[in-house]
Amino acid sequence: MYEGLLAETISHQGHNGDEIEAYFARPLGVASSPGVIVIHHMPGWDEATKEITRKFAHHGYTAICPHLFSREGPGSPDDLSAAVRAAGGVPDDRCVGDIEGAIRYLRALPYASGKIGVIGFCSGGRQTYMVACKLPGIDAAVDCWGGRVVPKPEELTPRQPVSVIDMTPDLGCPLLGLFGEEDPNPSPEQVARIEQELKRHGKTYEFRMYENAGHGFFAVDRPGYRQHAAVDGWRKVFAWFEKYLTPNGR
C-alpha cells in the first residue's frame, strides 16, 4: 500500500488579515482528509512541533501548525519564545484570529473532508480550550496539559483578559484532556475544577491523569518524557480524532 506525505512551510491569513507562517503536512494519494490544527507550545514553533504535525499526516490527517510567534520574528524558536514570554504571552484575540485563519485555509482545500480537530500543548493546550469555546466549526479538541485554564486573578492581563474556564458554557465540541499527576500547572486540583465545570455544563469530555508524569510528557527530547504516558496518550489522541473526525468513527 502506497504511503507518502508532503510537508512544507506555507503562509495563510491570520488575525486582522496578517500573513503568518505555518507548517503544513498532508498525506498523498487520498481523496478526502480531515483537518487537524496543531497549536505549538510556549517553547515555540520548533522541530518537535513540526514532527507532531507530520505525525498527523502519516495517520491520514491534513495538519497545519500556525506560527503564533510569526510577528515577533524572524529568529530562533528560543529567541521568539523569550520575546513572547517577556511581553506576557500571545494576545488571546490574536490567537483566536490566527486559528480561525487556519480553519479557513483547511476548509478551502479541495480534498478537505469538512471535519476539523484542534490539539495544543502547554500554552497551546489553554489556547485549544479557548478556541474550542470561541470558534464554530471545530469538531473535536485535545488539551495536552494546558496551564492557566484556571488562572490566578493576577495572571489575567490585557493580553489574556478572561479566565478560560469561564468560557466553558460555550465549548462547542468534545474535549479530550491529557494531564500529569506531578504537573504543578495545571495541578491535579485545577484539572478537577475544570472537570467539575465541564460536568456542570453537560459537556462531552474525557480526561486522563497519568501517574509518575509531569508537564510535557510527550517530549522525547526533554527530561519530563514518560514512555508509559506518551504511548497511551497518543493512542487516546488518535482514537478521539477517529471517533469525531472520520466517517467510520461515529
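Remember, it's a predicted structure, so these values are computed and weren't measured experimentally. Each residue takes its place number in the sequence, starting with 1.
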Salt-bridge criterion met for Glu51 and Arg54 (N-O under 4.0 Å): no
Same cluster or not: are Val150 and Tyr129 linked, directly or through other Ile, Leu, Val, Met, Phe, Trp or Tyr residues, by side-chain heavy atoms under 4.5 angstrom apart? yes
When rounded to the nearest 0.5 angstrom, what distance separates OG1 in Thr157 from CD in Glu155? 9.5 Å
Going by heavy atoms in the side chains, are Glu206 and Trp240 under 4.5 Å from each other? yes
Taking all non-hydrogen atoms of both residues, which atom of His201 and which atom of Pro169 are closest, and how far apart? CE1-CG, 3.4 Å
Flag yes if Phe24 and Leu28 sit in one hydrophobic cluster, no otherwise; membership is Ile, Leu, Val, Met, Phe, Trp, Tyr, and two members link when side-chain heavy atoms are under 4.5 Å apart. yes
Hey, quick one: are Leu175 and Val118 part of the same hydrophobic cluster, counting side-chain heavy atoms closer than 4.5 Å, chains of contacts allowed? yes
N/O donor-acceptor pair under 3.5 Å between Glu197 side chain and Ile194 backbone: no
For residues His58 and Glu3, determine if any side-chain heavy atom of one lies less than 4.5 Å from a side-chain heavy atom of the other. yes
Any ion pair linking Arg94 and Glu72 (charged N to carboxylate O, less than 4.0 Å)? yes
Parallel, tilted or perpendicular, as decided by the 30° and 60° cut-offs, for the rings of His40 and Phe69: perpendicular
Given Val36 and Ile119, is the side chain to side chain contact (heavy atoms under 4.5 Å, CB included) satisfied, shown in steps? CA-CA 7 Å; Val36 171; Ile119 183 172; 4.0 Å; yes
CG/Asp98 to CD1/Ile103 distance, rounded to the nearest 0.5 angstrom? 11.5 Å
Closest approach of Val90 to Val84 (non-hydrogen atoms, all atoms of both residues): N-CG1, 3.7 Å
Phe217 vs Asn212 side-chain heavy atoms within contact, under 4.5 Å: no
Heavy-atom side-chain proximity of Val142 to Phe121 below 4.5 angstrom: no
Centre-to-centre under 6.0 Å for Phe179 and Phe207, is that the case here? yes
State plainly whether the residues Asp46 and Lys50 are in salt-bridge range, i.e. N to O under 4.0 Å. no
Hey, what do you get for NZ (Lys115) to OG (Ser113), rounding to the nearest 0.5 Å? 8.0 Å
Can you tell me if Arg148 and Gln160 form a side-chain donor-acceptor pair at under 3.5 Å? yes
Mind checking whether Trp234 and Val38 sit in one hydrophobic cluster, side chains of I, L, V, M, F, W, Y counted as touching below 4.5 Å? yes
May I ask you to decide if Trp45's main-chain N or O and Thr49's side chain share a donor-acceptor pair within less than 3.5 Å? no
What I'd like to find out is whether the side chain of Leu156 reaches to under 4.5 Å of the side chain of Pro153, using heavy atoms alone. no
Within the side chain of Thr62, is there an N or O that forms a donor-acceptor pair under 3.5 Å with the backbone of Gly35? no
Is it true that Tyr205 and Glu195 share a donor-acceptor pair across their side chains at a distance under 3.5 Å? yes
Can you name the closest pair of heavy atoms from Pro66 and Ile64 and give their distance? CD-O, 3.6 Å
From SG (Cys122) to NE2 (His41), nearest 0.5 Å: 7.5 Å
In terms of hydrophobic clusters joined by side-chain contacts under 4.5 Å, are Val164 and Val191 together? yes
Applying side chain to side chain contact (heavy atoms under 4.5 Å, CB included) to Asp139 and Cys173, what does each step give before you reach the verdict? CA-CA 5 Å; Asp139 298 287; Cys173 67; 5.6 Å; no
Between Arg126 and Asp92, does the salt bridge (charged side-chain N to carboxylate O under 4.0 Å, His left out) criterion hold? Intermediate values first, please. CA-CA 10 Å; Arg126 173 189 174 275; Asp92 282 348; 2.8 Å; yes
Just wondering, do Asp143 and Leu176 contact through their side chains at under 4.5 Å, heavy atoms? no
Taking atom CD of Glu8 as the centre, report whether more than 12 heavy atoms of other residues, nucleotides or ligands fall under 6.0 Å from it. yes
Classify the ring geometry between Phe238 and His59 as parallel (under 30°), tilted (30 to 60°) or perpendicular (over 60°). parallel
Any sub-3.5 Å donor-acceptor pair from His67's side-chain atoms to Ser11's backbone N or O? no
Grab the two heavy atoms, one from Val30 and one from Tyr111, that are nearest each other, plus how far apart they are. O-CB, 4.5 Å
Got a donor-acceptor contact below 3.5 angstrom from the Ser70 side chain to the Ile20 backbone? no
With a 4.0 Å cut-off, would you call Arg71 and Asp18 a salt bridge? yes
With no hydrogens and no angle check, is any side-chain donor or acceptor of His15 less than 3.5 Å from a backbone partner on Cys95? no
Any Arg222 side-chain heavy atom under 4.5 Å of Pro43 side chain: yes
Show, in sequence, the C-alpha distance, side-chain angles and deciding distance for Tyr61 and Thr246, and conclude whether the side chain to side chain contact (heavy atoms under 4.5 Å, CB included) test is met. CA-CA 10 Å; Tyr61 298 91; Thr246 64; 3.9 Å; yes
Can a donor-acceptor pair be found, under 3.5 Å and without considering hydrogens, that links the side chain of Ser33 to the backbone of Ala112? no
First locate atom CH2 of Trp145, then atom CZ of Phe218, and finally report the distance between them rounded to the nearest 0.5 Å. 4.5 Å
Answer yes or no: is there a donor N or O on one side and an acceptor on the other, between the side chain of Arg159 and the main chain of Gly89, under 3.5 Å? yes
Exam field: side chain Asn185 to backbone Gly147, donor-acceptor pair closer than 3.5 Å: no
Roughly how far, to the nearest 0.5 Å, is the CD1 atom of Ile138 from the OH atom of Tyr244? 15.0 Å
Donor + acceptor pair across side chains of Asp79, Ser76 (<3.5 Å): yes
Could you tell me whether a side-chain N or O of Arg208 sits under 3.5 Å from a main-chain N or O of Gly233, the two making a donor and an acceptor? no
Find out whether Tyr23 and Ile10 are in side-chain contact, i.e. whether some heavy atom of one side chain is under 4.5 Å from a heavy atom of the other. no
Going by an N to O cut-off under 4.0 Å, is there a salt bridge joining Asp170 and Lys203? no
Assess whether a salt bridge exists between Lys134 and Asp93, defined as any Lys/Arg side-chain N lying under 4.0 Å from an Asp/Glu carboxylate O. no
Which atoms form the tightest heavy-atom contact between Ala230 and Tyr225, and what is the distance? CB-CE1, 3.6 Å
Please step through side chain to side chain contact (heavy atoms under 4.5 Å, CB included) for the pair Ile165 and Gln190, ending with a clear verdict. CA-CA 10 Å; Ile165 192 172; Gln190 290 172 333; over 6 Å; no
Correct closest heavy-atom pair for Ser163 and Val149 would be OG-O, 3.8 Å
